[in-house]
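Just so it is clear, the values below take in all heavy atoms, side chains as well, and ignore hydrogens, waters and symmetry mates. Here is the naming used below: chain letters follow the sequence lines, and residue numbers restart at 1 for every chain.
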Amino acid sequence: MKIASWNVNSLNVRLPQLQQWLRDFSPDVVGLQETKLEDHRFPDTALAEMGYRSVFAGQKTYNGVAILSREPLTDVQMGVPGLEDEQKRVIAATVGDTRIVNLYVVNGQDVGTEKYAYKLRWLDAVHGWLADEMQRHPNLVVLGDFNIAPDERDVFDPKRWGDDHILTSVAERDALRRMQALGLHDGFRLHHQDAGLYSWWDYRMGGLSRNLGLRIDLTLVSDALRARAVAAGIDREPRTWERPSDHTPVWVDLQ
DNA sequence: ATGGTAGCGTGGCTA
């Protein structure tokens with residue numbers, strides 16, 4: 001079962017690229033972020049014609065998440081229970097014996113800003129909820145745009161992207177480590193150790209051609225699923241297409 | 001790095 005995550009940066013713009021990639025890669029489950037679509041505009045019919053069911057929680061202009069699956073999606077949860085948040089950043093659903101949690105983590109703008117404080121509060125709330133989810137669903141996959149680069153291998157310039165920088169600050173990385181301490185393993189790092197393998201490149205300054213990127217899109221698998229995660233990767237192809245998202249799909253394969 | 005590019009929406013915010 002190939003499970004993927006892709007920040008599409010507007011599904012309205014990116015539907016053709018998503019459809020092409022679904023044909024090329026044939027994932028079983030996909031978590032999407034930054035759909036930027038209200039629910040009544042979600043292209044569920046077009047996706048159903050390709051064999052994908054969809055559940056979604058969207059809004060105009062910003063944020064918006066969805067899960068696509070070839071098999072039925074049940075027990076759909078939108079948002080973090082108990083967290084007041086108008087921003088549509090979380091959707092979870094069960095596929096077969098596996099619980100999928102799709103996160104669009106707060107970006108945080110810059111260290112020390114109000115958005116950064118919101119990011120840390122938000123991550124704390126998600127941590128508490130995931131602890132419960134782990135108890136309910138030992139077969140747990142937590143994927144999405146984490147807006148956190150786990151370590152120095154995941155950034156193009158570790159001197160710049162360090163302890164005091166957004167996406168790599170000590171508090172952000174601590175929050176990710178705390179989440180992983182629940183028993184969630186970075187699917188990509190189970191199979192690849194190299195530095196310089198990224199999931200996002202800035203649109204500006206020739207970011208892709210110079211490989212000025214970050215690995216901030218993750219697929220975390222629970223202890224119970226670890227042995228079943230037989231492969232993982234980053235599909236760089238869609239980032240090279242016409243009118244791309246600034247993120248490219250990441251995936252893990254569960255046997 | 002206070003620029004650069006993209007999306008939304010038509011000025012300025014977000015990333």
Side-chain angles (χ1 to χ4, degrees), chain A residues 5-21 31-43 46 56-66 79 85-91 102-123 126 143-150 152 154-169 171-173 175-176 198-218 234 236-250:
Chain A
S5 173
W6 192 7
N7 179 324
V8 292
N9 186 17
S10 171
L11 186 51
N12 192 39
V13 170
R14 225 69 65 196
L15 180 60
Q17 289 89 332
L18 174 62
Q19 290 173 306
Q20 184 61 50
W21 182 72
L32 302 176
Q33 304 87 35
E34 287 204 84
T35 55
K36 301 185 179 179
L37 282 175
E38 290 180 295
D39 291 345
H40 70 272
R41 296 188 57 216
F42 194 90
F56 38 88
Q59 64 190 103
K60 253 195 271 194
T61 313
Y62 302 118
N63 309 311
V65 285
D85 192 357
E86 293 180 1
Q87 302 191 12
K88 306 295 188 185
R89 296 181 172 277
V90 175
I91 190 165
N102 178 22
L103 304 178
Y104 174 45
V105 174
V106 177
N107 175 287
Q109 196 171 48
D110 276 309
V111 173
T113 62
E114 175 50 41
K115 290 190 178 70
Y116 181 75
Y118 164 54
K119 180 177 194 171
L120 297 180
R121 286 198 306 275
W122 190 93
L123 285 165
V126 168
L143 53 75
D145 177 356
F146 280 69
N147 270 317
I148 302 171
E152 67 282 354
D154 303 312
V155 304
F156 65 89
D157 181 358
K159 285 179 190 149
R160 174 176 159 198
W161 297 89
D163 289 353
D164 302 317
H165 203 286
I166 195 66
L167 312 192
T168 56
S169 72
E172 290 168 90
R173 282 176 164 165
L176 177 59
Y198 306 132
S199 65
W200 171 90
W201 298 263
D202 203 305
Y203 284 122
R204 299 165 288 190
M205 311 284 288
L208 179 68
S209 57
R210 299 160 66 197
N211 200 33
L212 305 180
L214 305 172
R215 192 175 70 91
I216 52 178
D217 301 272
L218 308 177
I234 299 171
R236 204 170 172 281
E237 270 292 311
R239 187 62 179 79
T240 69
W241 294 346
E242 286 293 312
R243 210 172 184 192
S245 169
D246 45 353
H247 296 251
T248 210
V250 302

Subject >> Separation of the P atoms in B:dG9 and B:dG4, to the nearest angstrom >> reply: 24 Å

Original post:
CG/A:Asp39 to CD/A:Gln59 distance, rounded to the nearest 0.5 angstrom?
Top reply: 10.0 Å

**OP:** Can you tell me, in whole Å, how much space there is between the P of B:dG7 and that of B:dG3?
**Re:** 23 Å

Original post:
Does the separation of the ring centres of A:Trp6 and A:Trp21 fall below 6.0 angstrom?
Top reply: yes

**OP:** Name the orientation class of the two ring planes belonging to A:Trp201 and A:Tyr198 (parallel below 30°, tilted from 30 to 60°, perpendicular beyond 60°).
**Re:** perpendicular

Original post:
Quick one: on DNA chain B, does A:Leu212 or A:Lys36 contact a more 5' nucleotide (nearest heavy atom)?
Top reply: A:Leu212

**OP:** Would you please test A:Lys36 and A:Asn12 for side chain to side chain contact (heavy atoms under 4.5 Å, CB included) and show each step?
**Re:** CA-CA 8 Å; A:Lys36 301 185 179 179; A:Asn12 192 39; over 6 Å; no

Original post:
Parallel, tilted or perpendicular for A:Phe56 and A:Phe42, by the 30°/60° rule?
Top reply: parallel

**OP:** Identify the 5'-most and 3'-most nucleotides of DNA chain B with at least one atom closer than 4.0 Å to a non-hydrogen atom of chain A.
**Re:** B:dA1 to B:dA15

Original post:
Is A:Arg160 touching bases, backbone alone, or none of the nucleic acid, heavy atoms closer than 4.0 Å?
Top reply: base

Subject >> Spacing of NZ belonging to A:Lys88 relative to CD belonging to A:Glu38, to within rounding of 0.5 Å >> reply: 10.5 Å

Original post:
When rounded to the nearest Å, what value does the distance between P atoms of B:dA1 and B:dT14 take?
Top reply: 23 Å

Original post:
DNA chain B: A:Arg210 or A:Asn12, which has the more 5' nearest nucleotide?
Top reply: A:Arg210

